[in-house]
Each structure stands twice: as structure tokens, then as C-alpha cells.
Amino acid sequence: MKHKISNSIVATLVFAATVSASLNGCAGSRPEQTQSAEYSRQPLTPTSTVTNRSTTIYLLTTTGSSSGAGIRAQDVSTSETLQRVVDDAYAKFKDDNSGRNADYIPYLASVSSELFGIAIVTVDGRVFVAGDTGYAFSIQSCAKVFTLAQIIQESGEEEVLNKIDVEPTGLPFNSTIALGLHDDQPGNPLVNAGAIATVSLVQASNATERWNKILASQSAFAGEQLQLIDEVYRSQTDTNFRNRGIAYILYNSQHLFCDPLEATDVYTKQCSIGVTARQLAVMGGTLANGGVNPITKQTVINAKYVPRVLAVMMMAGFYDESGAWAYTAGVPAKTGVGGGIVAIVPGRMAIVGFSPRLNEAGNSIRATEAINYIVQQLDLNLFGSLQ
Ligand code: DON
């Protein structure tokens, strides 16, 4: 897809406002908490130590071994080393109470901000955990990665290039400005627009089949049957006017491939899947292991497609902080407003952090810190000469 400055940015925004208003009218009275603005424009509390958009990531230090002082790559296979680095990361960041829970989905505001868990799953199926790794949180945007993998597996890699694109937007995850700047094209499968389009590309003849296929696929990545968290689904359904507006914009520009409300509803359901940090690490471990679940040994996605998925994660997994994350940590990762982050080290492991307090871009602060710490300690940066 070629990107051109849209001749209809203003028209798009007017259209979005009109759609949103009309949806609001249909849905009845509008709740007070809605995602009415692009995410990063919502300020954090004055007590937060995070003062601007990318501060969290820029403040991360390279505490590990880029200078040779940390644990060497050959130590990665040592179980003692992996458990020690997980425990160290937990101890080091557990008292960081900066940021705050997402609240544009009311349920997320009610989740305990104190929860903090870290999990590693290696490609040979070993599991290392610390903290709250048994708590089921909503997967949110981390699900986008696995639905992307699903449609590539189902329809081939050209489908994504031709119908969604894989370019970072440099804008918040729920941006409508990004749509306007790019002729109302979705951008990439990891922003909301692209993720809703991805859901619409799952081959299904109705909403039930679409949802069942997505849940089955996400469960195969996890190696066990995952469940919808109904309260999250209802809370998000009550407030996701903006996503419905995005779906209608995409439908209007022929970048959505099923009914807009069906796509938004199934997308909302996939965001509401419950996962523990351990389960999410198995999901990521499946990508790290070339598409084979390291626990069940089931092939979930053909190995040749895994690099496509990881490339998109590297470019867009942290939304408008993706560049800073790549610069700092150098591993593909995906964040979710439920507080989860899954990072993939190909051929080695997946690292998951879970902590509900987010920075202004919607990325979990302690999960970012913990994963970055582990990456530095174990010399896992993919751009490092030792890898
Ligand atoms: O569509 C939404 O707004 C959310 N359900 C998912 C967004 C999200 O997780 C962004 N993550 N950092």
C-alpha cells in the first residue's frame, strides 16, 4: 500500500464525529467514562513520576552486559540463572508505584494496581515465575499479535500487506488522526484500526464462527482453553464508541471485510480474554519456538510466518513508544492496557511482565522495566553482536 496524505483528513474527522454521535444516540445515554480522545492525550495524575509521553522508556537504563559485565548468552540455558534474574527483576521494581491503571474501560480501573508478575517460558518448555503470575487479567492488545498470526496462517502473508499494511503510525493506539493521514487505511495490525481489520479478515461466515476461531487460536498458542472475562467484555462494550467509529471509517474506505459492528464486537471479545502471565508467556514462547507450543508441542503457526509477526511487533508493539523500546531493549514485544507485555526472543524464550499501572502511551511501567532489565541482564538484545 502506498501512503499519501489524505485529501479528506477533515472529512474523516467529521465523519468519525458523526458516526460516534449517531452510535451514541443508538446506544442510549453516554456513560461518563469514554475513550473520547487519542490515548496519550489523557494526562497522568500529578503525583506520577512520569511527566511526558516517552519518559518511562527513556529512563530505562542498560543495567546489563552490553559492556560485558552481565550474564553471558551461554548462561541463558541455566535454570538457576533464569530464576535468579526473574526474582531480581521482581525485587527491583515491585515498589515502583508510578503510573496508573487504564480507566477508559471502567473494569480496568477496578483491578488492583499492586498486582505484579513476571514469567519466562523457554523454547524447551521451562517456566520461571515471580509474583502474581496466576492472576487472570485481560489480554487486551496482546491478543492482536496472535490474531495477526492466525490470519497469516489462514490466508498467507500477502493478505496482511495487501489489506492492512505493516507500517508504524507513530501515533496512539486508538488514533483516528493516523487514519486521516493515510487515506483511511488501517496502518498495521497492532493499532486498533488494523486489529479490527485483522479480526474482519478471519475467514468466518458469522460472528459466532469468527469469535470461536479466534478463541480457539489464542487457546492453541496458550496450550490450554482460555476464557472470556465477561465483566471486561461488558465494561468495554459499554464504552467503545471510538472503536466502532474506527470500524465504520474502515468500512467506508473498503478496508474492513465484514460488518463493522461484528468486527468491533469480536475485537472487543478478543481484548477481554483472560490470561495469566504464565499463560501469556506460553503464547509468546510458541512464537519464540518457531510456531510450536513449547509445552504441548502443537504446531500453531508455520515457522516461516513467525518472522513476519515478530517484525510487526518490533515496529509497532509499543505504539508511539516502539522506537524507544527497540532502541532500548531490541526485542519484539507487545503491550496491552490490561497491564500485560509479552516480549519474544526468537529461538530462546518469551518474557512476560504484568502490572496494571500504565504510562501515558498505555504501556505498563513495571512490566516494561522488568522485561528490559531481564533483556539487559541476559544480553538478549537482538541487535547485539553476541546473539
Ligand atoms: O481497543 C482498546 O482500546 C483496548 N481494548 C485495547 C487497547 C490496548 O490494549 C492498547 N494497549 N496498550
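All residue numbers in this chain count up from 1 along the given sequence. Everything quoted here is computed from the prediction, not taken from an experiment. Just follow the structure's listing: the first ligand is 1, and inside any ligand the first atom is 1.
- Proximity of Cys271 to ligand 1, defined as any heavy-atom pair under 4.0 Å, is confined to the side chain (atoms from C-beta onward).
- At most 12 non-hydrogen atoms from other residues, nucleotides or ligands lie less than 6.0 angstrom from CD of Gln254.
- Remark: ligand 1 atoms within the under-4.0 Å shell around heavy atoms of Tyr267 are 1 (O), 2 (C), 4 (C), 6 (C).
- Listed by number with element, the atoms of ligand 1 under 4.0 Å from a non-hydrogen atom of Gln140 are 4 (C), 5 (N), 6 (C), 9 (O).
- If you check the side chains of Arg244 and Asn240, you find a donor sitting under 3.5 Å from an acceptor.
- Every atom of ligand 1 is numbered from 1 in the order shown, and the set under 4.0 Å from a heavy atom of Phe173 is 3 (O), 7 (C), 10 (C).
- Residue contacts with ligand 1 for Gln236 involve side-chain atoms from C-beta outward but no N, CA, C or O (heavy atoms, distance under 4.0 Å).
- Short contacts between ligand 1 and Gly362, defined as distances under 4.0 Å to a heavy atom of the residue, involve ligand atoms 12 (N).
- A search for salt bridge (Lys or Arg N to Asp or Glu O under 4.0 Å) contacts involving Lys213 returns Glu154, not counting sequence neighbours.
- Using a 4.0 Å cut-off between heavy atoms, Asn243 contacts ligand 1 through its side chain alone, with no backbone atom that close.
- Ligand 1 lies within reach of Asn192, whose nearest heavy atom is under 4.0 Å from it.
- Counting the atoms of ligand 1 from 1 in the order shown, those under 4.0 Å from a heavy atom of Tyr319 are 8 (C), 10 (C), 11 (N), 12 (N).
- Taking the six-membered ring for Trp, Phe354 and Phe116 have ring centres at least 6.0 Å apart.
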Output, in order, the C-alpha distance, side-chain angles, deciding distance and verdict of side chain to side chain contact (heavy atoms under 4.5 Å, CB included) for Ile344 and Val145. CA-CA 11 Å; Ile344 315 296; Val145 168; over 6 Å; no

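- More than 12 heavy-atom neighbours from other residues, nucleotides or ligands sit within 6.0 angstrom of OH on Tyr107.
- Between Phe173 and Tyr104, the ring-plane angle classifies as tilted under the 30° and 60° cut-offs.
- The shortest N/O to N/O separation between Ala361 and ligand 1 does not fall below 3.5 Å.
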